[in-house]
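The structure appears right after this line, and notes come after that.
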There are 2 protein chains.
Amino acid sequence: MSPEENPVPPAAPGAKKRLSREIVLSAALALVDSEGLDALTMRRLGQQLGRDPMGLYRYAENRAALLDGVSELVLNELAIFPDDPDWQAQLRRIAHDLRDLALRHPNVVPLLVTRPLSTPLGLRPLGTLRPLEQILSLLIDAGFAPADALHVYRAYYGYLYGHILNELQEFIVDPDENEALLRLGLHRLPPKDFPRLRALAPVLADYDGMAELDEGITILLSGLAARLSPEA
Amino acid sequence: MSPEENPVPPAAPGAKKRLSREIVLSAALALVDSEGLDALTMRRLGQQLGRDPMGLYRYAENRAALLDGVSELVLNELAIFPDDPDWQAQLRRIAHDLRDLALRHPNVVPLLVTRPLSTPLGLRPLGTLRPLEQILSLLIDAGFAPADALHVYRAYYGYLYGHILNELQEFIVDPDENEALLRLGLHRLPPKDFPRLRALAPVLADYDGMAELDEGITILLSGLAARLSPEA
DNA sequence: TAAACGTCTCTACAATGTAGACTTTAGGCG
DNA sequence: CGCCTAAAGTCTACATTGTAGAGACGTTTA
């Protein structure tokens, strides 16, 4: 999360191979992962690749498209098996995988969450829509009516994204200093106005995101199953 | 959502009153609401207020702080009554209120969701933390153990934010053209790869966000209540 | 070899955030 | 009333950004 760690080595200056969309996007992702979203400028990325910044426009129309490409790249790391007969297990696994993904690429999460807000559903990068399609498939194959599948998907994905945001928001850089840092921050809060929050400092400090996610998913899935049960 | 509607009138040129943080932030919010996040530049905001852009730095350290201020301003529109004895009803009402807020200020949602990711919990603008504190208070007063209250809060707020993101992502500008636009977008998708999604076009077109939210909340709250019941 | 095309580079420009010095205004004290 | 100080507002200047447009280069085809 700290935006200036592990600067990426500026280029393999000898190996000036032909560029490709893959290469450009991978470099962009590496840059974002290691130095944060703001570090992803055209010039900087060009420099990483040992190329003139202008060349990048051959592989992404503009900076926004580049960001979309990075989102897509990350989402492609997510494997979904739409043929699993146990839909609940599958959704639970996906949830954990997506959480891992988010923890692995925390700087990309704002993109995942924000970019779709400026692009109507039908015009998003295809890679971005694949999880939706596949989960629908999973649910429909499991016996849900298509419209119900959509409802399940929405509740599920909504909660999932929400959880990830929550968890990243409470994420603190150095896990050893967790509690200290946290207390430090909380100490700033006026005790009169924030007694509950301050009292919870220790609990906040050892947040088990995985367990929390799992519980929420359990509640949601069983609730959803009870309400809109697949006919299977 | 369309970023260039309703341009704000450039200033009341006669009435050059003394500025204040409130005034600046309100103008910023108005700008964001009417023309989108990108329109909020220092120069533009200065122009709206009939002042030199540099003057704004008296009221916000830098652009990021300005964005935080806008978030805070919006969240202040949310009323929470931590003394309501019926915690479930209260949480349900808050959920609907927050959803309304998001629909009223869609361009601010990315801020609400994104800014906290770059600020450790203890250092956020106080207005931003108030909902957390108050909901904790509500739950603890209702009989939850503090640690359980935190869990409930996390599941609840997680789902709530997730839902809002979902809903805004499916939001289409002109409600009359909803279906047409949507189909248009979806038509672009290769039928082989996205059969489910394409088939669901009509269902996607009449999304009832309020009902969907309410259902999800019901499931979550009753699930949570069953698992971690207040001793009351 | 010549032509044609896709790839990459160079130069240039308008827009942005913001530092630092200056000017103006408002209010308190003689 | 007249000054003085601090706050509020303004001006100028600069580094950094995205990206347009013209050209150079290299590789493949005729």
Side-chain angles (χ1 to χ4, degrees), chain A residues 3-4 7-8 10-29 31-32 35-71 107 110-111 114-115 118-119, chain B residues 3-4 7-8 10-29 31-32 35-71 107 110-111 114-115 118-119:
Chain A
E4 302 93 355
V8 187
K16 261 194 160 190
K17 308 200 60 165
R18 188 71 137 277
L19 284 190
S20 75
R21 186 148 210 272
E22 316 285 305
I23 297 182
V24 171
L25 291 183
S26 298
L29 175 56
L31 201 49
V32 171
E35 306 186 44
L37 266 183
D38 292 343
L40 181 53
T41 71
M42 298 313 244
R43 293 179 222 268
R44 186 70 203 288
L45 181 54
Q47 170 182 335
Q48 292 296 327
L49 294 164
R51 287 300 197 309
D52 186 283
M54 281 302 122
L56 303 174
Y57 287 91
R58 216 140 300 261
Y59 305 99
E61 283 216 343
N62 48 38
R63 186 165 186 268
L66 214 167
L67 296 179
D68 281 337
V70 172
S71 293
N107 296 333
L111 289 187
T114 272
R115 294 284 320 151
S118 14
T119 326
Chain B
E4 301 92 356
V8 186
K16 262 195 158 190
K17 310 198 60 166
R18 187 70 139 278
L19 285 189
S20 74
R21 186 148 209 273
E22 317 284 306
I23 296 181
V24 171
L25 291 183
S26 299
L29 175 56
L31 200 49
V32 171
E35 306 187 43
L37 266 183
D38 293 344
L40 181 53
T41 70
M42 297 313 243
R43 293 178 222 266
R44 186 72 204 285
L45 182 53
Q47 169 183 335
Q48 292 296 327
L49 293 164
R51 289 299 198 311
D52 186 283
M54 281 301 124
L56 303 175
Y57 288 91
R58 295 245 171 229
Y59 305 98
E61 283 216 343
N62 46 40
R63 186 165 185 267
L66 214 167
L67 296 179
D68 281 336
V70 172
S71 292
N107 296 333
L111 288 186
T114 271
R115 293 285 321 151
S118 14
T119 326

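Bear in mind that the values here come from a model prediction, so they are computed numbers and not experimental data. FYI, side chains are in, hydrogens and waters are out, and symmetry mates aren't considered; it's all heavy atoms of this structure. Throughout, a chain's letter reflects where its sequence line sits, starting with A, and its residues are numbered from 1.
- Under the 3.5 Å distance criterion, the side-chain polar atoms of A:S118 are matched with a main-chain donor or acceptor of A:R115.
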I'd like to compare against my own output: the B/S/- annotation of nucleotides 22-27 of chain D with a strict under-4.0 Å heavy-atom distance to protein.
------
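- In this structure, A:D52 atom CG and D:dG18 atom C1' are separated by 13 Å, rounded to whole Å.
- Of all non-hydrogen atoms in A:P110 and A:L37, the two that sit nearest each other are CB-CD1, 4.2 Å.
- One atom, CD1 of A:I23, and another, P of C:dT7, lie 13 Å apart when rounded to the nearest Å.
- The shortest non-hydrogen separation linking A:G46 to A:L56 is N-CD1, 3.8 Å.
- Near DNA chain D, meaning a heavy atom under 4.0 Å from it, residues 62-70 of chain A has A:N62, A:R63 in order of number.
- Spacing between atom OH of A:Y57 and atom P of D:dT17 amounts to 12 Å, rounded to whole angstrom units.
- Taking only side-chain nitrogens and oxygens, A:Y59 comes nearer than 4.0 Å to OP1 or OP2 of C:dC8.
- What you find for B:A27 and B:L49 is that their closest heavy atoms are CB-CD2, 3.7 Å.
- Rounded to the nearest 0.5 Å, atoms CG (A:L31) and OG1 (A:T41) are 7.5 Å apart.
- Listed by chain and number, the residues in a side-chain contact (heavy atoms from CB on, under 4.5 Å) with A:S26 are A:L73 (sequence neighbours excluded).
- When each of A:P53 and A:R43 is assigned the nucleotide of DNA chain C with its nearest heavy atom, A:P53 is the one assigned upstream, toward the 5' end.
- Here the options are B:L40, B:L111, B:L67, the test is side-chain contact (heavy atoms from CB on, under 4.5 Å), and the partner is B:V32; only B:L40 passes.
- Screening residues 52-63 of chain A for side-chain hydrogen bond (donor to acceptor under 3.5 Å, both in side chains) gives no qualifying pairs among residues at least two apart or on separate chains.
- Here the P atom of nucleotide D:dA20 and the CG atom of A:L56 are 14 Å apart, to the nearest Å.
- Note: CZ (A:R44) to C1' (D:dA15) measures 17 Å, nearest angstrom.
- Atom CG of B:L19 and atom C1' of D:dT10 are 13 Å apart (whole Å).
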